[in-house]
Amino acid sequence: MPGPVPPYTLTRKRMKNVRMVVRQGTGEVRVSAPLRMPQRDIDAWVRSKADWIAAKQVEALDHPAPLAPGPEADALRRELRPLLQAMLDEWVPRMGVPYPAWRMRIMHSRWGSCNKAKRSVTFSVELARKDYHLVEYVVVHELAHLIEGNHGPGFYAVMDRHLPGWREHRAELNGRQVD
Ligand SMILES: [Zn+2]
């Protein structure tokens, strides 16, 4: 007996062959099929690829789609802005640094960055998806760069003084650098 048909969304197109993609990040299955192909044939075709789909979906969920400008990024910004503002208000006086200009950006390889000369710090929009203590780690890290520009012993001393658990937080943010 054939197994169930994996759920999919169908688009009909002027084309000769069926095509299928599994979306990165969501694992959603999208099928494009020729205009006249019978529904049962499409179902059968998708069903015959069930093992492949299952494997691709595991892979897709391991590799979230890169965040692009749009409603999702805007929502993350709205969520993150007040949190960052509150953290900066707390940590700037505590660390005794000048209040920096700051902004949020879609960043693909880093969680944050700092320009010491310009006294400006930048935070990744995707921090909105991270736990409170990890956002706080990135904030403290960037503010520490207003004291020490490089990742030298002086920088680590500032981090140890203000956020002793920072090494564990860094490990939790694996994959991307906090610059
Ligand atoms: Zn750094």
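Atoms within each ligand, like the ligands themselves, are counted from 1 in listed order.
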Practice task
Report the C-alpha distance between Glu172 and His133 in whole Å, list the side-chain angles of each, state the deciding distance to 0.1 Å, and finish with yes or no for side chain to side chain donor-acceptor pair (under 3.5 Å).
Solution key: CA-CA 10 Å; Glu172 237 184 292; His133 68 285; 3.0 Å; yes

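- Here Arg129 pairs with Glu72 in a salt bridge; the nearest charged N to carboxylate O distance falls below 4.0 Å.
- Cluster membership check: Trp52 does not share its hydrophobic cluster with Val58, using side-chain heavy-atom separations under 4.5 Å among Ile, Leu, Val, Met, Phe, Trp and Tyr.
- Taking a cut-off of 2.8 Å, the protein N, O or S atoms nearer than that to the Zn ion (ligand 1) are His141 NE2, His145 NE2, His151 NE2.
- Screening Glu142, Glu148, His141 for a side chain to side chain donor-acceptor pair (under 3.5 Å) involving His145 leaves a single residue, His141.
- Between Asp89 and Arg94 there is no salt bridge, since no side-chain nitrogen of the basic residue lies less than 4.0 Å from a carboxylate oxygen of the acidic one.
- A salt bridge is absent between Arg170 and Glu168: the closest approach of a Lys/Arg side-chain nitrogen to an acidic carboxylate oxygen does not fall below 4.0 angstrom.
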